[in-house]
Amino acid sequence: MGLKGKSRSAGAFDKQRALITELDKRSPIAEQFRTLRTNIQFASIDKKLKTILVTSSSPGEGKSTTAANLSIVLSQLGSNVLLVDADLRKPTVHFSFQVSNQTGLTNVVTGQAPLQATVAETAIANLDVLSSGPVPPNPSELLGSSKMKMFVEEASGLYDYIIFDTPPVNAVTDPQILAGLLDGTVLVIRSGRTEEEQAKKAVASLKKVEANLLGAVLNDRVLEESHNYDYYGEG
């Protein structure tokens with residue numbers, strides 16, 4: 001496993017390349033993710049935010065890339081971090097980090113496998129990954145179960161931060177269900193792609209379940225003059 005292993009497909013290679021905070025730590029893009037990390041830390045003065053959900057309004061807006069890079073920059077501070085692929089309908093974390101998806105979150109929550117034996121170490125220090133596992137017939141019910149709550153409590157006792165990559169909030173109810181269990185939520189918006197009404201709808205959906213919305217990440221924004229680069233180009 002690791003970032004330099006042979007990719008199994010062009011799509012998997014693209015996912016690996018998106019881990020910019022590890023592959024090019026001095027890049028302006030990596031600096032932006034470190035800024036995101038700092039903002040989250042300042043948002044948790046009274047109570048430390050340990051469990052953070054990352055979602056978007058619609059597919060293709062960069063939520064998985066954001067979740068992965070946020071996990072990396074948190075681990076780079078020496079914190080023990082677990083990245084959980086809670087997108088049970090279209091998982092991608094195992095592609096990004098080149099780990100197995102034969103067992104994962106669904107196995108742990110249903111009691112088929114213990115957490116510590118299922119997580120995968122990555123080539124990045126302090127960062128473990130829990131892939132989604134087999135696709136269940138009822139993702140929403142599984143994520144909203146009491147056993148899912150028990151999983152969150154167990155993982156919180158083992159890691160400093162747990163980052164959850166979830167489906168788009170306007171597509172399915174999964175993020176709304178999970179947001180109520182977790183400490184904070186980050187909404188990813190893609191410049192030039194996310195429609196204003198879709199973004200407002202996503203915010204309204206999260207507020208409806210009283211999610212602790214920490215803020216939004218605007219990606220793929222082309223900056224001007226000396227900072228003329230894409231925030232990132234991969235979704």
Side-chain angles (χ1 to χ4, degrees), residues 19 21-22 25 30-56 62-87 93 96-97 104-105 108-109 114-116 118-122 124-132 143-167 169 174-189 202-203 205-219:
L19 303 181
T21 47
E22 176 65 16
K25 297 177 182 176
E31 181 60 30
Q32 293 300 312
F33 278 107
R34 287 191 287 272
T35 299
L36 173 61
R37 176 186 65 193
T38 301
N39 291 342
I40 287 175
Q41 290 173 322
F42 272 100
S44 57
I45 296 175
D46 293 330
K47 178 187 175 183
K48 182 177 180 180
L49 301 172
K50 296 194 68 167
T51 54
I52 299 171
L53 180 149
V54 179
T55 187
S56 59
K63 64 172 184 59
S64 295
T65 302
T66 299
N69 283 287
L70 174 60
S71 300
I72 291 172
V73 294
L74 286 169
S75 71
Q76 289 171 346
L77 280 183
S79 300
N80 291 318
V81 181
L82 176 64
L83 172 60
V84 179
D85 195 342
D87 189 341
V93 169
S96 301
F97 291 90
L105 176 62
V108 175
V109 173
L115 171 60
Q116 288 179 290
T118 309
V119 298
E121 293 183 356
T122 71
I124 301 169
N126 309 312
L127 177 58
D128 289 345
V129 161
L130 182 61
S131 56
S132 66
L143 294 174
S145 67
S146 59
K147 290 185 176 180
M148 183 67 193
K149 185 177 181 181
M150 292 170 61
F151 160 76
V152 173
E153 292 174 351
E154 181 183 5
S156 296
L158 298 172
Y159 292 90
D160 297 313
Y161 292 99
I162 305 108
I163 308 300
F164 291 81
D165 180 11
T166 67
V169 68
D174 302 10
Q176 288 178 280
I177 292 170
L178 264 184
L181 290 176
L182 307 181
D183 296 331
T185 296
V186 173
L187 180 66
V188 178
I189 293 172
V203 171
S205 297
L206 292 169
K207 286 185 175 179
K208 184 181 296 183
V209 296
E210 299 183 347
N212 180 18
L213 186 56
L214 302 175
V217 171
L218 177 64
N219 79 48

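Residues take their numbers from the sequence shown, with the count starting at 1.
Annotation: side chain of Asp165 is not in contact with side chain of Val54 (no heavy-atom distance under 4.5 Å). The closest side-chain heavy-atom distance from Val81 to Ile124 is not below 4.5 Å. A heavy-atom distance below 4.5 Å is not found between the side chains of Ile72 and Phe33. You'll find the side chain of Gln41 reaches within 4.5 Å of the side chain of Leu77, heavy atoms only.
Taking CG from Leu82 and CG from Leu115, the interatomic distance works out to 6.5 Å, rounded to the nearest 0.5 Å. Interatomic distance, Tyr161 OH to Leu70 CG, rounded to the nearest 0.5 Å: 9.5 Å. Here the CD-OG1 distance, from Gln32 to Thr66, works out to 12.0 Å after rounding to the nearest 0.5 Å. Annotation: the span from Lys63 atom NZ to Thr166 atom OG1 amounts to 6.0 Å, rounded to 0.5 Å. Separation of atoms CG (Leu74) and OG1 (Thr21) is listed at 10.0 Å; rounding is to 0.5 Å. Rounding to the nearest 0.5 angstrom, the gap separating the CG atom in Asn219 from the CD1 atom in Ile189 is 9.5 Å.
The 12-atom threshold is exceeded at CD of Glu153, counting heavy atoms of other residues, nucleotides or ligands nearer than 6.0 Å. Annotation: Lys208, atom NZ; neighbour count of heavy atoms from other residues, nucleotides and ligands within 6.0 Å does not exceed 12.
In terms of modelled atom types and a separation under 3.5 Å, the side chain of Lys50 and the main chain of Tyr159 share a donor-acceptor contact. Between the side chain of Gln176 and the main chain of Val209, no donor-acceptor pair closer than 3.5 Å is present. A donor-acceptor pair under 3.5 Å is absent between the side-chain atoms of Asn80 and the main chain of Asp160, judged by distance alone.
Considering every non-hydrogen atom in both Leu206 and Ala179, the closest pair reads CD2-CB, 4.4 Å. Heavy-atom minimum distance, Val109 versus Ser145: CG1-OG, 4.0 Å. In terms of heavy atoms, Thr185 sits closest to Ala211 at OG1-CB, 4.0 Å. Here the shortest heavy-atom pairing between Leu127 and Ser71 reads CD1-CB, 3.9 Å. For the pair Ser96 and Leu19, the tightest heavy-atom approach, listed with the atom from each and the gap, is O-CD1, 3.4 Å.
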Please test Asn212 against Leu49 for side-chain contact (heavy atoms from CB on, under 4.5 Å), starting from the C-alpha separation and ending with a verdict.
CA-CA 10 Å; Asn212 180 18; Leu49 301 172; 4.0 Å; yes

Would you check, one step at a time, whether the test side-chain contact (heavy atoms from CB on, under 4.5 Å) holds for Ile52 with Ile40?
CA-CA 9 Å; Ile52 299 171; Ile40 287 175; 3.7 Å; yes

Hey, mind stepping through Ser79 and Asn126 against side-chain contact (heavy atoms from CB on, under 4.5 Å) and telling me if it holds?
CA-CA 6 Å; Ser79 300; Asn126 309 312; over 6 Å; no

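Applying side chain to side chain contact (heavy atoms under 4.5 Å, CB included) to Val93 and the options Val84, Val129, Leu130 leaves one that passes, Val129. For the side chain to side chain contact (heavy atoms under 4.5 Å, CB included) test with Pro167, the passing option among Leu143, Asp87, Thr55 is Asp87; the others fail.
Remark: Glu31 engages Arg34 in a side-chain hydrogen bond (donor to acceptor under 3.5 Å, both in side chains) (not counting sequence neighbours). Looking at residues two or more places apart in sequence or on another chain, you find no salt bridge (charged side-chain N to carboxylate O under 4.0 Å, His left out) involving Asp128. Partners of Thr51 according to the side-chain hydrogen bond (donor to acceptor under 3.5 Å, both in side chains) rule, which considers only residues two or more places apart in sequence or in another chain, are Asp183.
At a cut-off of 3.5 Å, with distance as the only test, no side-chain donor of Asp85 or Ser131 sits close to an acceptor on the other residue.
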